[in-house]
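What follows is one structure encoded as structure tokens, with my remarks underneath.
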Protein chains: 2
Amino acid sequence: MAKTEPSPKAILDLDRMVHEPARLAILTVLASAEEVAFLFLQRVTGLSKGNLSSHTQKLEGAGYLETVKVFQGRIPATSFRITEDGRAALRAYHQQLRGLLPKEGKP
Amino acid sequence: MAKTEPSPKAILDLDRMVHEPARLAILTVLASAEEVAFLFLQRVTGLSKGNLSSHTQKLEGAGYLETVKVFQGRIPATSFRITEDGRAALRAYHQQLRGLLPKEGKP
DNA sequence: TGAAACAGGTTTTCTATGCAAACCTGTTTC
DNA sequence: GAAACAGGTTTGCATAGAAAACCTGTTTCA
């Protein structure tokens with residue numbers, strides 16, 4: 001009996017940090033692995049290096065991921081892992097999306 | 001057996017015209033009514049006039065809605081209706097979202 | 001009756017964001 | 001040992017969204 005139409009105002013409350021497609025893609029990948037290398041992330045998302053770098057910095061600033069810099073032999077390599085906050089934000093975002101999707105088979 | 005993880009690259013293909021929350025809210029409202037008055041739309045979305053005006057102009061430019069100007073008595077009033085293209089775009093967008101949502105109850 | 005407030009929008013301005021290109025540091029290759 | 005390359009970061013530019021200013025016509029009410 002509950003009206004399942006999403007409140008239009010709720011849509012405006014979507015977490016922009018997650019809503020941006022590039023960052024959503026990044027978080028989605030990070031959510032399914034312990035730790036992800038920069039280059040792998042770049043390949044799988046198709047983002048340019050510069051782009052990827054700036055988005056991960058924003059996500060780090062938001063506390064949604066942490067950057068791990070290690071040396072492989074003597075060359076430096078960057079990896080990322082999602083934080084608990086990041087995971088929570090992603091889950092919350094998914095819930096918001098579910099809320100705004102019609103139940104299926106709308107006219 | 002099908003892996004239900006969304007392809008990260010697919011996320012980057014989301015239709016930006018619809019993805020923007022303000023416009024998604026507008027289209028969502030328009031999709032559930034024949035014709036919607038400017039002021040009603042403003043109240044239900046919570047957008048400012050200027051904002052609403054510019055977003056509806058963009059949606060009109062994209063062919064997703066049409067603007068209807070009528071006189072009520074002697075004062076002019078603006079309404080909108082979603083076009084077939086707009087409806088199709090919204091549906092397609094919903095499908096994309098469904099594709100990227102995890103099946104529920106992810107760890 | 002006429003100045004002031006108001007309704008209904010549109011246009012302009014400001015700011016921030018995403019994207020691409022340029023740049024930097026250290027390593028191999030030839 | 002110069003040149004190409006890997007792995008990122010910083011800079012610069014173009015666009016988009018939000019807020020503010022503006023415009024036209026209409027009531028209000030002193």
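Note on B:Leu39: only backbone sugar-phosphate atoms sit closer than 4.0 angstrom, heavy atoms only; bases stay farther off.
Along DNA chain C, the nucleotide closest to B:Gly50 and the one closest to A:Ser48 are compared, and the more 5′ of them pairs with B:Gly50. The 5' end of DNA chain C is approached more closely, in terms of each residue's nearest nucleotide, by A:Lys49 than by the other of A:Lys49 and A:Pro76. Looking at which nucleotide of DNA chain D each of A:Ile75 and B:Ser54 is closest to, the 5′-most match is held by A:Ile75.
Taking atom CG of B:Leu59 as the reference point, atom C1' of D:dG17 lies 13 Å away to the nearest angstrom. Going from atom CZ of B:Phe80 over to atom P of C:dT10 covers 7 Å, rounded to whole Å. Residue A:Leu47 contributes atom CG, which lies 9 Å from atom P of C:dA20 at whole-angstrom precision. We find that CE of B:Met17 is positioned 14 Å from P of D:dT15, with the value rounded to whole Å. One interatomic measurement links the two molecules: CG of B:Leu52 to C1' of C:dT11, which rounds to 15 Å at whole-angstrom precision. One atom, CG of A:Leu41, and another, P of D:dT9, lie 12 Å apart when rounded to the nearest Å. Nucleotide C:dA16 holds its C1' atom 12 Å from the CZ atom of A:Arg23, rounded to whole Å. One interatomic measurement links the two molecules: CZ of A:Arg16 to P of C:dT17, which rounds to 10 Å at whole-angstrom precision.
Here C:dC19 is the nucleotide among C:dC19, D:dG8, D:dA18 with the atom lying nearest to any side-chain atom of A:Glu20. Of the candidate nucleotides D:dG17, C:dT10, D:dT9, C:dT10 has the atom nearest to the side chain of B:Lys69. Among the nucleotides C:dT10, C:dG18, D:dG7, the one closest to the side chain of B:Ser53 is C:dT10. Ranking C:dT27, D:dA19, C:dC19 by closeness to the B:Asn51 side chain, first place goes to D:dA19. The side chain of B:Ala22 lies closest to D:dA18 when the candidates are D:dT10, C:dT17, D:dA18. Here the side chain of B:Phe38 is nearest to one of C:dG9, D:dG17, D:dG7, namely C:dG9.
Base pairing of D:dA14: its partner is C:dT17, meeting the Watson-Crick or G-U wobble criterion (both donor-acceptor distances under 3.5 Å). C:dT27 is paired with D:dA4 under the Watson-Crick or G-U wobble criterion, all donor-acceptor distances under 3.5 Å.
A:Pro21 is listed as a side-chain neighbour of B:Arg16, based on a closest heavy-atom distance under 4.5 Å. Considering only heavy atoms from C-beta on, A:Leu100 comes within 4.5 Å of B:Leu97 through its side chain.
Using a distance-only test at 3.5 Å, with no hydrogens or angles considered, no donor-acceptor pair links the side chain of B:Arg81 to the main chain of B:Leu30. The closest donor-acceptor contact from the side chain of A:His19 to the backbone of B:His19 lies under 3.5 Å.
Residues A:Thr67 and A:Glu60 bring a donor and an acceptor atom of their side chains to less than 3.5 Å of each other.
Residue A:His55 places none of its side-chain N or O atoms closer than 4.0 Å to OP1 or OP2 of C:dT17.
Between A:Phe80 and A:Phe38, the ring-plane angle classifies as tilted under the 30° and 60° cut-offs.
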